[in-house]
K.L.:
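Quick one: structure below, then a few questions.
This one's a predicted model, so the numbers in the text were calculated from it and none came from an experiment. Just so it is clear: chains get the letters A, B, ... in the order the sequence lines come, proteins before strands, and each one is counted from 1.
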There are 2 protein chains.
Amino acid sequence: MTGQVRTVDGRVAGRRGQATRQKLLDCLSEMLSSSPYRDVKVIDVARKAGTSPATFYQYFPDVEGAVLELAEQMAAEGAGLAGVLEDGSWIGRAGWQTAQNLVDGFLDFWRRNDALLRVVDLGAAEGDKRFARIRAKILNSVTGSLTATITELQSKGRIDKDANPAAVAGALVAMLASVASHQKGFQGVKPAELKPNLALLVHLGVTGKKPTR
Amino acid sequence: MTGQVRTVDGRVAGRRGQATRQKLLDCLSEMLSSSPYRDVKVIDVARKAGTSPATFYQYFPDVEGAVLELAEQMAAEGAGLAGVLEDGSWIGRAGWQTAQNLVDGFLDFWRRNDALLRVVDLGAAEGDKRFARIRAKILNSVTGSLTATITELQSKGRIDKDANPAAVAGALVAMLASVASHQKGFQGVKPAELKPNLALLVHLGVTGKKPTR
DNA sequence: ACTTGTCCTGTCATGCCGTCAGCTTACCGA
DNA sequence: TCGGTAAGCTGACGGCATGACAGGACAAGT
């Protein structure tokens with residue numbers, strides 16, 4: 001599927017080349033965590049990797065191109081976010097647990113990849129199709145699963161007939177994503193206290209009623 | 001309170017100076033809407049304003065500084081976002097209306113200022129205190145009002161005692177902000193269809209029960 | 001040892017950044 | 001009307017990042 005790793009000028013990358021490439025990606029990832037996206041320069045990444053800017057440009061067209069590569073890797077991992085939902089029930093006490101698991105998994109994933117996710121979010125919001133696709137890939141696994149659950153519960157008449165399952169699911173997931181990336185900015189609310197409240201909202205949105213704890 | 005407008009090197013700005021300054025801000029605003037934040041250069045803004053880069057640096061320390069200025073102006077306007085909530089009831093049919101009004105106002109404000117809000121969001125997420133403060137200023141008016149409402153309803157026993165009003169309100173507002181900035185990215189859900197569903201979630205989160213339409 | 005293709009870097013033209021000295025313009029009091 | 005003073009603007013410059021290329025270093029096979 002991925003084919004061979006290629007340099008910008010078309011050569012196939014060998015063992016050493018791939019190592020250098022990966023090292024550049026790792027250093028870029030670090031830089032993203034430590035300085036504003038706008039200030040991340042090719043030359044800094046190259047220096048950190050103990051190589052030269054010219055080498056960087058052999059493997060990536062520019063900083064954005066390299067970020068996209070990192071994001072793809074992350075998206076592949078993040079597609080498994082919905083794993084929690086596969087075998088999770090939304091009925092009774094189990095529903096509360098499922099909601100909690102979802103929130104936990106989400107916040108955890110976000111904390112591990114916050115710097116990269118910020119950039120992906122920005123790119124997507126700016127209308128860049130490539131970033132939007134990656135963002136969708138990450139979120140869709142969860143949104144899709146939630147949509148299915150809501151649709152099912154809706155057919156049982158528990159939820160407002162007028163509600164659009166996809167819209168509700170998308171909004172809930174957006175909420176999780178947004179809260180996750182601004183966790184520190186919640187003045188007066190401790191992170192530990194945030195989780196159950198998010199779970200409460202998710203449960204409310206999905207099932208239409210308060211959780212049984 | 002605001003004091004006089006001053007140049008970077010301490011001179012007080014007169015009529016002409018303020019006009020130039022404002023023109024630079026306007027052009028910056030346009031550039032933010034039309035190109036990725038990362039690619040907005042001082043020289044482009046200056047050219048667009050029919051002046052030189054040196055002039056730009058007379059009024060702002062850098063691009064970020066100018067963006068902060070724009071954001072402050074926006075925050076002043078956005079602080080009125082909660083106006084809808086002041087005289088809005090959350091009881092019965094009126095509650096549904098209030099929720100809809102809130103969603104409407106929010107999405108509208110976001111659409112009018114999307115480019116700037118993206119940058120503020122990024123800055124805040126990256127940990128920049130100045131951007132975080134501005135973001136809080138915009139959101140707090142709404143969050144605060146919602147928190148009060150939830151607290152009140154909670155005392156009447158309608159909502160889960162364990163819920164933290166501030167956390168729930170914050171999460172709902174974050175949801176609105178996030179959805180607003182990714183409106184185009186909601187595949188398969190039309191914007192018009194999005195609103196009532198957001199209102200539904202807000203109503204559910206605030207009052208704990210389905211709206212009466 | 002020689003060939004071949006991968007891998008890296010020195011170097012260069014170009015362009016943006018951020019600063020300064022110095023010029024022009026507007027305002028004001030005499 | 002006429003300087004004087006401060007505001008306002010810009011050309012020009014050193015510094016640094018970008019992005020391209022050609023050529024040298026290196027590993028592997030023969």
K.L.:
Specify the closest pair of heavy atoms between B/N164 and A/N197, including all atoms of both residues, with the distance to one decimal.
P.N.:
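The answer is N-OD1, 2.7 Å.
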K.L.:
Minimum heavy-atom separation for A/L172 to A/L201, with atom names?
P.N.:
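That would be CD2-O, 4.0 Å.
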K.L.:
Measure the distance from CD on B/E64 to C1' on C/dC17 and round it to the nearest whole Å.
P.N.:
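Going from B/E64 (CD) to C/dC17 (C1'), I get 15 Å.
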K.L.:
Between B/T55 and D/dT10, is there a contact of a side-chain N or O with OP1 or OP2 at under 4.0 Å?
P.N.:
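Indeed, a polar side-chain atom of B/T55 lies that close.
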K.L.:
Can you give one letter per nucleotide of nucleotides 22-30 of chain D, going 5' to 3': B for a protein heavy atom under 4.0 Å from the base, S for sugar-phosphate only, - for none?
P.N.:
------S--
K.L.:
Which whole-number value in Å describes the distance from A/L24 CG to C/dC8 C1'?
P.N.:
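In whole Å, C/dC8 C1' lies 11 Å from A/L24 CG.
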K.L.:
Whole-Å distance between C/dC16 P and B/F56 CZ?
P.N.:
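Atom CZ in B/F56 sits about 15 Å away from atom P in C/dC16.
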K.L.:
Going by number, which of residues 35-54 of chain B have a non-hydrogen atom under 4.0 Å from DNA chain D?
P.N.:
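B/T51, B/S52, B/A54 - these, ordered by number, are the residues of the stretch whose heavy atoms sit under 4.0 Å from the strand.
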K.L.:
First locate atom CD of A/E126, then atom OG of B/S181, and finally report the distance between them rounded to the nearest 0.5 Å.
P.N.:
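Reported value, rounded in 0.5 Å steps: 11.0 Å.
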K.L.:
Within this structure, what is the CD-to-C1' distance between B/Q18 and D/dG8, rounded to whole angstrom?
P.N.:
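Going from CD in B/Q18 over to C1' in D/dG8 covers 13 Å.
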K.L.:
Assess B/R118 against B/Y37: is NZ or CZ under 6.0 Å from the centre of the six-membered ring, and within 45 degrees of the ring's axis?
P.N.:
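No.
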K.L.:
Do the side-chain N or O atoms of B/Y57 get closer than 4.0 angstrom to the phosphate oxygens (OP1, OP2) of C/dT19?
P.N.:
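Negative; the distance criterion is not met.
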K.L.:
If I take atom CZ in residue A/R21 and atom P in nucleotide C/dC8, what distance separates them, rounded to the nearest angstrom?
P.N.:
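So the two atoms are 12 Å apart, to the nearest Å.
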K.L.:
Does a side-chain heavy-atom distance below 4.5 Å link B/T207 with B/I150?
P.N.:
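No; the side chains remain at least 4.5 Å from each other.
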K.L.:
Could you tell me if the side chain of A/F106 sits less than 4.5 Å from the side chain of A/L198, heavy atoms only?
P.N.:
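Sidechains of A/F106 and A/L198: no contact.
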K.L.:
Give me the atom names and distance for the closest heavy-atom approach of B/A99 to B/H203.
P.N.:
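Looking at all heavy atoms of both residues, the closest pair is CB-CB, 4.2 Å.
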K.L.:
Tell me what B/Y59 touches on the nucleic acid: a base, only sugar-phosphate, or nothing, going by heavy atoms under 4.0 Å.
P.N.:
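Sugar-phosphate: the residue B/Y59, judged by heavy atoms under 4.0 Å, touches backbone atoms but no base.
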K.L.:
Quick one: pull up CG in A/L200 and CG in B/D162 and give me the separation to the nearest 0.5 Å.
P.N.:
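The CG atom of B/D162 is 9.0 Å from CG of A/L200, to the nearest 0.5 Å.
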K.L.:
In a table with atom names and distances, give each donor-acceptor pair under 3.5 Å that connects a side chain of residues 135-142 of chain A to protein atoms at least two apart or in another chain.
P.N.:
from	atom 1	to	atom 2	distance (Å)
A/R135	NE	A/D121	OD1	2.8
A/R135	NH2	B/H182	ND1	3.3
A/S141	OG	A/I138	O	3.3

